[in-house]
Amino acid sequence: MTWAVLRDIYTLLLSRFAVCLTLISSLTAAISVTSTNSWNITNDIEGSVRLNGLAFQQHALTTFGDYQYVAFYKTATGYGKHYVNLGRRRVAPSLGEWQYLAFTDYVQTTLDEHNTISMGISGDGRIHLSFDHHDVPLNYRVSNGGIAKTIPSEWTASAFGSVQHSLPGSTGPWTPLTYPRFESIDNGDLLMEFRIGQSGAGDSWIHRYSSTSGQWSNVGKYLQGQDNNAYINGFTNQDGKLFVSWTVRETPDASTNHDFYFALSDDAGRTWKQTNGQSVTKPITPSTPGIKVFTIPQKSEIINQEAQCADQKGRFHALMRDKSSGTPRFYHYLRTADGKFTKTAINAPGLSTPPYLAYRGKIAATGDNVVAILPDQPKQTVQIWAATAGGGYTDWKKLAEITNMAGEPLVDEQRLDKFGVLSLFVRQGGAFGTRKVQVWDFGLAL
Ligand SMILES: *[C@@H]1O[C@H](CO)[C@@H](O)[C@H](O)[C@H]1NC(C)=O
């Protein structure tokens, strides 16, 4: 072989190697964690159930303007008696100390894991809270003024009105109500979504708060059961579109969950479309044409109300698990901006196979990344994994792990969106008195 030939081979190999390197780096260009901090918010409640950190709390941790807010139950006096508490702290331009208030005029006593707290903040700076439901009349209270916009120096419960059992200005039904969720929309109005009816037989309703008039109105029933009920993964507004995905339950028995459904709205829930953009009649039922996206039979170990999010490029993501392959796996459901769905098992080496009915996870998006926050119940951890659009969302990489976890992690979506910080609300394991409710912040580099 001549020197020239050797040199050519060498050059060729080098260029191949460079291509290879570029390919690898573009496939693994997931985000990384640059800082980790945590705060003990409170001792978790005394009682036989979890009331802090359930997947359907929308939201327990949220950011509005430069402040972050956290809603949680804290033991009032003795076993099974709890107060709704609300914390706030400045998060920009620098972190401030947490300040807390307790609503001592309402004692929560029902030891039932449905009876959580949800929080929403409307564009006029009012903080809305709804709490303590399992097929009971609405419990709702709202701040007296726009205290998230014009920040008062005092942080006391006197800034809030009393507990109400209807939404001022709107019309019912208000009972039997479960799973209140809040979602703000682009013009500063706030939507509230909840189930009326029971597990295995219920409908989902939307109401809208106007930041201009300070009044609520009834947008109407948008999901209707057929002797069954939809359990939504979330209720997500992104850039003028409202996304909802769900599974349907036939009876109160979770093993009757089946299938993956999806719909979107361009007008804040008044009218709805199937994924291909075709309009559907309201209310949507499980037999509405074009609504079912994936067939997953009953007894597939789907857990209702897992997670979903949308990203700034018009993509929609959901997280739901099933054992359709024979083994329970977490799946990433992706809807491209043009309405095409795929469902791909999340390859997370080292993550335990989720036992039936194990804690639910969350999915969040930042830039071209999705972040899956996955509880590993057998190992009592919460693991944070990320994948990239460039890697087809199959290049899952572990970013972080929190130990001693016994609950369902929640994400501050607004803070991630606005400040690029992954802020989580979590519950520790262990006995009452040592077990904390915490907030963890993960700084991210893209
Ligand atoms: C949270 O509480 C635990 C137990 O009391 C303590 O060991 C830990 O240092 C606390 N963490 C923070 C960030 O204060």
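Keep in mind the model is a prediction, meaning the values are calculated, not measured. Just so you know, ligand 1 is whichever comes first in the structure, and atom 1 is the first atom listed for that ligand.
- Judged by distance alone, the side chains of T388 and D395 do bring a donor and an acceptor atom under 3.5 Å apart.
- For the pair K74 and Y83, the cation-pi criterion (under 6.0 Å, within 45° of the ring axis) is not fulfilled.
- Between the side chain of Y261 and the backbone N or O of A230 there is no donor-acceptor pair closer than 3.5 Å.
- Look at D322 and K343 and you find a salt bridge, because one of the NZ, NE, NH1 or NH2 atoms lies within 4.0 Å of a carboxylate O, short of that distance.
- Ordered by chain and residue number, the residues placing a heavy atom less than 4.0 Å from ligand 1 are S38, N40, K436.
- Judged by the 6.0 Å and 45° rule, R89 forms no cation-pi pair with W155.
- Just one residue in the list H165, H133, H207 forms a ring-ring contact (aromatic ring centres under 6.0 Å, His included) with W174, and that residue is H207.
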